[in-house]
Amino acid sequence: MTVAASPSPGAPLVDANSHHRGFLRRYIFSTDHKVIGLQFYFSTLIWFFVGGALALAVRWQLAWPWSEMPIVGRMLFAAEGGQISPEFYTMLVTMHATIMIFFVIIPILAGAFGNFLIPLMIGAEDMAFPTLNMFSYWFMWPAFACMTASFFVAGGAASAGWTSYPPLSVLHDAAPGSGPGQTLWLLGVVFIGIASMLGSLNYLTTIIQMRAPGMTMLRLPMTIWGLFITAILQAFALPVLTAASVMQLTDRLLGTGFYLSEAGGQPLLWQHLFWFYSHPAVYIMILPAMGMVSDIISCYARKPLFGYRPMVAAIIAIAGLGFIVWGHHMFMSGMNPAMGTTFMAATILIALPSAVKVFNWLGTLWGGRIEFTSAMLNALAFVSMFIIGGLSGIFMAATTVDIVIHDTYFIVGHLHYVLFGGSTFAVFAGTYHWFPKMFGRQMNEFWGKVHFLLTFLFFNGTFFTMHIIGMGGYPRRVAAATAYAEFARFEPLNVFMTICALGMGFTQLIFAANLFGSLIWGRRADRNPWRANTLEWTAPSPPPHGNFDFQPVAYRGPYEYSSPEVTADFYPQNQPPDAEPATAAAH
Amino acid sequence: MDSTASAESIQLRYQPAVPIRNGKLMLWLFLSTEVMFFAALIGTYIVLRFGAAAWPTPTDVHLSEPIGALNTFILICSSVTIVLALESARADSGGRAKAYLFVTLLLGAAFLGIKAYEYQVKFHHGLHVDRARRTIYDQADLEYASGLRAALRSVTADTNADAAALAAATALLEQANNPDADPSALALQAAEFSEVPEAADWRLPIVIPGGHMWTSTYFLLTGLHALHVAAGLLVFVCVLPLRLGTARAGLLENVGLYWHFVDIVWIFLFPLLYLF
Amino acid sequence: MTTISPSQTTRHRRGRLRRFSSALILAALFVASGSCSRYEPPPFRLNLEGLDRTEADSSGTLRYSDEKLQQIVDATTALFGTPDEPFVFEETELDIALLRRAAGPVSSDEHGNPRGLYREHCAHCHGVTGDGAGPTALFLNPYPRDFRPGVFKFTSTHQGGKPTDEDLRRTMVRGIPGTAMPSFALLPEEDLDALIEYVKYLSMRGESEQLIFPLVIDDEEELDEDILLEEVLEPVVGLWQSSTLPQFVVVPEEPRPSDRAASIAAGRELFQGERGCAKCHGPTGLGDGTERNYDMWNNKKLNLDREDVAARWSLPLQELRPRNLRHGVYRGGRRPLDIYRRIYAGVKGTPMPAAGPPYGQPARSDAMPEGSKNLSSAQIWNLVDYVLSLPNEEHPEIASAERPAESPKAGSPGGAGG
Amino acid sequence: MGKFWSLVFLSVPVLGVAVFVAAASWGYWFPQNVSAHGGQIDHLFMVILWLTGAVFLATEIVLAVSLWRFDGAKSPRARFSRGNMRIELGLAAVVGLLLVFITVYQLEDWAEAKIRQPDLPPTVEVNGRQFEWVMRYPGPNGELGDADDLFSPGDLHVPVDEDILVSLVSEDVLHSFYLPNLRIKQDAVPGMRIPVWFRATETGVFDLVCAELCGWGHYKMAGRLIVESRADYEAFLTRLEAEQNEDGFEEQQPTAANTSQRHPSVAEVVYRRAAR
């Protein structure tokens with residue numbers, strides 16, 4: 001394709017050349033997409049550790065029910081001999097999931113990596129609406145504030161599960177956290193909804209309108225495709241959750257009865273609306289990760305992505321099917337079982353595009369020249385763990401089998417294989433990969449590998465075991481299964497899982513130390529330390545406000561590694577066909 | 001971050017996929033999210049209404065079709081005037097554009113005023129969503145009799161009340177206290193009693209089958225729509241002081257698109273709530 | 001590190017694995033925290049409910065000074081030990097072996113027998129002290145029972161009587177429907193025994209503490225063991241032992257009437273009229289009577305403002321709702337015998353009065369003149385029958401308030417939500 | 001290093017399979033199945049386990065082999081290939097067929113478990129409430145829902161080898177009626193009456209679990225399923241009836257008042273359970 005010569009029809013960009021701004025405008029209320037991306041990154045990192053700590057407390061209780069928790073037990077429950085209280089346990093479960101989903105995985109993928117990478121990868125100066133972009137970050141803060149405050153109100157934070165099923169979440173006296181904590185939870189969700197909606201509209205406009213000349217849709221890196229489809233999912237599914245949350249708020253505060261059967265409402269209505277959003281949200285939490293992993297694997301295998309078009313088609317198919325499968329969370333909910341059959345068929349169909357993706361990643365590796373960097377190892381872990389997470393999903397998609405594993409630890413294992421084994425490993429991979437671009441320094445590879453190896457082992461120790469106790473029928477969200485004779489036999493496994501979880505938790509401190517240490521002491525990085533093809537590597541490291549010091553033009557797709565046309569093993573997107581490679585872009 | 005380098009950054013060229021302004025594209029995308037938002041709400045209404053055992057007719061709940069129709073008419077007129085405002089702005093006659101926009105603002109405000117009046121009527125008849133203030137019961141059953149007793153007890157405790165009405169209330173209370181009283185008969189008597197002018201303010205409970213769910217959905221749908229109208233008015237107020245020439249036609253077009261959307265939502269709500 | 005032995009803090013079935021793992025984790029945690037903390041067992045909380053700590057005499061001496069309170073703590077500890085190390089005098093007739101099983105931190109001994117049963121199963125709600133103010137208590141309605149006043153709602157004994165072991169066992173096995181008290185029927189028999197013993201222990205301990213208060217605060221006595229045994233333990237234990245003797249158990253004097261319909265009609269008369277049940281339970285039994293009610297654990301908070309309540313009591317004021325008799329939920333048990341006993345001896349600690357005579361007085365017979373306060377056995381049976389008939393009463397418009405009574409509709413359960 | 005990392009990734013399939021094999025032999029497997037249809041569900045689980053297990057092994061091993069073979073330290077240059085549509089489509093077709101097989105293969109069992117309700121009167125109504133299960137049996141007249149119904153909190157007694165129809169309701173929030181040994185799970189929803197049916201094939205005492213978060217006491221919302229012979233079941237109902245109607249009159253002798261208030265069967269069951 002020839003480079004479009006027409007002048008930019010877009011509205012004049014923001015005053016991108018505002019280089020003399022005060023500290024506040026540059027780092028706090030910045031409109032620069034990179035600064036906003038990093039703001040998202042560090043905010044979510046803090047919440048990652050908060051959510052992780054909650055998870056460790058959950059695990060402690062499961063392994064040694066009602067025993068004294070070390071350190072915190074004495075602080076929080078001194079009068080009761082340091083043992084956790086049952087309502088505190090339900091709160092832990094609820095808030096761990098809420099924080100990890102709404103404050104960590106979604107904002108770190110869409111908010112942090114999305115913001116940082118979209119303009120750089122498509123060759124734009126900034127987002128289409130930089131000020132709006134700033135607001136999309138700052139609308140997270142009321143949500144942060146609500147959730148933080150909810151820990152300190154009477155009754156504690158929400159404890160009706162992250163799914164917030166009514167009537168438990170609506171009736172004020174049904175659960176301790178169904179007081180102000182639940183109201184704050186809902187307000188937080190509404191604010192996250194606004195933030196995500198603003199962000200996703202911005203992403204969509206930017207990706208549609210602001211691609212560099214020559215950057216056709218089918219030359220976009222998979223990361224951008226993942227983020228693009230994610231933004232569509234967010235834009236169309238999130239309003240439904242917002243509407244549902246508004247109704248739950250009015251149920252709680254104004255006295256309506258949408259979800260209360262005694263007032264003529266329907267408890268299942270919330271489940272339908274909630275999962276209409278939250279099932280696509282599952283893909284919101286994995287599609288950007290899939291995109292990033294595709295880019296990273298192709299780069300370190302020094303080989304083009306196997307089947308680019310099928311990969312794009314698979315992402316679109318997953319997203320499209322994602323809208324019509326929400327009912328598979330509700331097979332046991334009392335929904336008409338005949339509808340369950342329909343939802344099952346659609347759900348099982350989703351395994352097909354997921355399988356295509358896995359085959360293509362393997363195809364990319366086969367015949368490559370693999371470089372075992374920390375980023376690559378984490379990306380490979382994503383593939384390996386996503387296989388398990390995807391295959392275990394087939395069990396619960398099958399309605400009949402779901403009868404025995406629904407609401408058991410099998411589900412908990414499955415979802416952690418997708419969300420931790422999938423998304424979080426992709427976040428690690430993305431961090432190691434784009435860190436040089438973000439900060440102009442390299443992360444420490446040795447500690448990166450140590451962190452990877454320990455996380456990988458402890459992760460599997462923790463979550464693979466959950467499938468076993470799930471098969472045994474061990475129910476989830478139960479503070480102690482000691483009331484049941486059937487589940488006593490799993491106690492040693494619970495102890496094992498907790499030990500692994502604690503190990504995994506402390507391993508993340510290595511990551512934090514490596515991240516902050518490398519910020520200060522990391523080796524300086526040049527523009528393209530990984531010899532990658534995509535446009536962000538042609539900008540300075542870190543890129544200035546305005547990103548590029550030349551007009552980026554895309555001449556080819558993003559995956560021309562080891563191309564026979566050039567002698568170097570990479571062929572940057574912006575390198576004109578006639579120029580001699582390797583030196584033009586990376587200097 | 002190295003900010004000095006940004007001085008060297010250049011004006012970039014792009015390859016947009018759709019030939020419209022970014023702002024307009026963004027607005028269309030925004031409206032599609034709004035469509036999903038109202039789709040969820042209207043879907044809820046439909047599910048609850050057709051899942052309900054009983055649903056009140058408009059007269060049961062003091063809903064006036066003519067007033068609703070008038071409001072619809074006002075909103076449609078406002079859509080016309082905002083188009084005229086846009087045309088004027090395109091013709092670069094800022095004054096006329098401003099005038100039309102102002103008329104739109106007035107029409108929108110009139111819509112909200114009429115809505116407020118309608119709410120007032122509902123509240124007066126005890127049609128609240130608030131559990132503490134609403135006086136609706138789904139059926140004349142023992143729970144209703146219990147509510148009636150509570151209301152009558154507070155009425156009879158009120159010493160300032162009119163003597164004749166007080167006597168009637170006391171008699172009714174005595175009847176309600178009879179465990180064998182038929183709640184349906186009680187409900188009829190209470191309804192009659194409420195028609196007595198002195199007793200009209202006493203807010204005795206009334207029986208409206210499906211009334212709780214009706215108030216919930218009615219106030220939710222119209223309330224959130226009214227919030228959107230109010231947001232539109234706020235935008236008008238912000239736009240009015242600007243010079244509405246050709247340069248601002250794009251802005252006015254965006255505002256107009258949003259206003260049309262608000263209008264269309266009402267055109268769905270009106271028949272759903274008032275006519276069916 | 002040395003102060004905490006893992007077996008003290010954790011409960012285990014597989015000793016070796018667990019000891020190894022807890023040591024590992026504790027080591028990791030101590031490395032992480034960088035400090036070593038001492039294990040301090042939770043003490044019994046001194047019963048300061050409703051006391052105004054700032055109260056002082058004219059000279060400015062605090063009435064409840066720290067020293068005096070410490071004396072009370074010491075005296076109670078001398079009588080009953082601590083949560084981790086319970087101790088009882090023989091006079092209490094409590095089984096120390098059972099108490100040890102129930103007390104202490106959650107763990108198990110070398111044979112794998114569980115210990116610390118009370119803290120595992122009960123303390124979330126009832127608190128380590130048995131003060132009904134465990135971490136969960138605030139969110140429950142009604143509040144968990146405060147054992148310390150020694151008043152239990154549902155007993156088989158006469159007015160003012162303590163619960164028998166069987167009563168406590170029944171409450172534990174059946175739970176209390178309509179409240180947060182679950183059934184502990186799944187616990188092994190010996191665990192139940194230990195917990196029953198421990199509840200009695202906590203109750204006696206709380207009552208003794210209350211008796212020590214005036215001794216220390218008002219009489220300013222030097223307490224020694226003899227005084228404690230004579231003036232504290234003896235009255236407390238005496239009441240427990242005497243009021244649970246078999247003859248104190250309420251037993252109907254005549255069988256339940258066989259003509260159920262007539263009995264219900266008679267009960268209805270009593271309910272609506274003479275007995276004044278409708279005053280609280282409402283004319284139709286919906287629990288919508290006119291009176292606001294408070295139980296004995298709450299009515300002392302009535303005339304205080306909220307700050308005072310917060311300062312002096314562990315839980316805020318809670319209103320007591322008369323039972324909605326149409327729900328078919330019977331907290332003290334649904335057997336006619338249970339309801340008979342509720343009506344006969346009242347619900348202890350609540351405004352629900354006793355309809356039968358106190359122990360030792362004759363029940364009213366039909367020969368007695370009208371206006372006598374007590375009901376005859378037959379009349380109580382009439383009320384029982386009426387109350388039991390309410391959930392299923394034929395009434396023209398009984399609807400949503402009731403449990404769904406029709407048989408399930410054929411076909412699929414679907415429909416809701418689409 | 002490539003070989004080392006290859007082995008790390010190879011440990012996933014090796015240990016994964018080992019864990020499943022070990023779990024089966026150490027007894028960490030399905031709960032004992034005592035229902036007529038449970039074997040079929042277990043069979044389905046195993047079918048899916050074998051199918052997914054094969055895919056799991058294949059893909060993970062291919063991953064590990066790629067890492068071993070194509071270690072960047074020794075391979076000269078990657079093979080340039082953008083993909084292969086034939087392989088892609090072929091694999092997709094195989095996977096698609098497998099998925100269709102899984103879908104179709106279990107339709108029948110789903111219908112059997114949840115759609116084809118047996119034509120019986122309900123044996124028992126199970127009512128979930130925070131935090132206990134209350135069973136309600138038809139009284140002597142055989143009709144559920146009238147005055148002579150029998151209540152048994154916590155213990156669900158059913159006769160062995162008979163079709164049982166449970167009528168599931170909830171009083172307050174969502175609960176889930178979960179019988180692990182019978183492969184039964186169904187949420188109880190307030191306002192809905194949901195039928196659940198099964199046939200137990202062995203006598204014994206089994207867990208009744210609440211599987212839907214229902215508040216702070218969710219963990220202790222335990223009940224027991226007691227499967228017994230027809231004779232025992234009838235005896236239980238008789239005992240329940242006697243106990244429910246107990247008026248205590250025959251206990252005139254004061255010495256007897258404190259004894260035998262608990263039902264012998266409960267004690268028996270507790271001991272049986274403790275002995276297990």
Side-chain angles (χ1 to χ4, degrees), chain A residues 4 6-11 13 16-19 21 26 34-35 123-125 128-129 197 201-202 204-205 208-215 217 235-240 242-244 246-247 250 254-258 263-266 269 273 276 540 542 544-552, chain B residues 1-23 25-27 29-30 32-44 47-48 51-55 128-134 138 209-217 219-220 223-224 250:
Chain A
S6 60
S8 160
L13 292 167
N17 303 338
S18 52
H19 45 285
R21 287 271 173 87
R26 256 173 58 197
K34 298 180 292 295
V35 177
E125 199 171 21
F129 306 98
M197 186 201 66
L201 295 183
N202 215 340
L204 287 176
T205 314
I208 293 173
Q209 298 291 67
M210 292 175 65
R211 281 163 290 121
M215 181 63 86
M217 288 307 270
F236 288 93
L238 239 168
V240 176
T242 308
V246 167
M247 285 190 271
T250 62
L254 303 180
T256 56
F258 301 107
Q266 296 181 2
L269 178 65
L273 294 174
F276 184 85
H545 206 153
N547 293 348
F548 294 97
D549 44 14
F550 59 95
Q551 167 72 52
Chain B
M1 228 168 271
D2 184 10
S3 67
T4 50
S6 64
E8 299 151 21
S9 71
I10 49 162
Q11 191 71 57
L12 299 184
R13 284 175 294 126
Y14 301 120
Q15 220 187 12
V18 284
I20 53 174
R21 287 173 294 106
N22 286 356
L25 175 66
M26 164 86 171
L27 196 87
L29 291 168
F30 171 69
S32 51
T33 70
E34 288 279 50
V35 167
M36 291 304 289
F37 182 75
F38 277 101
L41 295 178
I42 292 174
T44 299
V47 165
L48 289 176
W55 200 256
H128 282 277
V129 284
D130 181 3
R131 204 169 291 240
R133 281 189 291 172
R134 74 177 161 212
D138 269 357
H212 282 181
M213 228 46 255
W214 182 86
T215 43
S216 293
T217 47
F219 285 112
L220 179 85
L224 284 173

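Bear in mind the structure is a predicted one, so any value in this text is a computation, not a measurement. Here is how names work: the chains are called A, B, and so on, in the same order as the sequence lines, proteins then strands, and each is numbered from 1. Just the heavy atoms: all of them, side chains too, but no hydrogens, waters or symmetry mates, feed the values below.
- Distance check, rounded to the nearest 0.5 Å: CE of A:M197 to CD of B:E34 gives 7.0 Å.
- Heavy-atom distances place both the backbone and the side chain of A:I208 under 4.5 Å from chain B.
- Among B:L220, B:L41, B:L224, the residue with the largest count of heavy-atom pairs under 4.5 Å with chain A is B:L220.
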CA sep, side-chain torsions, deciding dist, call: B:V47, A:L269, side-chain contact (heavy atoms from CB on, under 4.5 Å):
CA-CA 8 Å; B:V47 165; A:L269 178 65; 4.2 Å; yes
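- Interatomic distance, A:T256 OG1 to B:D130 CG, rounded to the nearest 0.5 Å: 10.5 Å.
- With rounding to the nearest 0.5 angstrom, the CG atom of B:L25 is 4.5 Å from the OG1 atom of A:T205.
- A:A124 meets the side-chain contact (heavy atoms from CB on, under 4.5 Å) test with A:P119, A:I122, A:M210, B:Y14; sequence neighbours excluded.
- Here the closest heavy-atom approach between residue B:Q15 and residue A:M215 is recorded as OE1-N, 3.9 Å.
- In this structure a side-chain-to-backbone donor-acceptor pair under 3.5 Å is present from A:Q209 to B:A17.
- For B:R134, the part sitting under 4.5 Å from any heavy atom of chain A is the side chain, from C-beta outward, and nothing else.
- With rounding to the nearest 0.5 angstrom, the CZ atom of B:F219 is 10.5 Å from the CG atom of A:L254.
- A:L201 has its side chain within reach of B:T33: a pair of non-hydrogen atoms, C-beta onward, lies under 4.5 Å apart.
- Closest non-hydrogen pair, A:N202 versus B:M26, comes out as N-SD, 4.3 Å.
- When each of A:G123, A:A243, A:A237, A:A235 is checked for heavy-atom pairs under 4.5 Å with chain B, A:A243 comes out on top.
- Side-chain atoms of A:E125 do not come within 3.5 Å of backbone N or O of B:L12 as any donor-acceptor pair.
- When heavy atoms are compared at a cutoff of 4.5 Å, B:T217 approaches chain A by way of both its backbone and its side chain.
- Residues passing the side-chain contact (heavy atoms from CB on, under 4.5 Å) test with B:M213 are A:F258, B:L48, B:W55, B:S216, sequence neighbours excluded.
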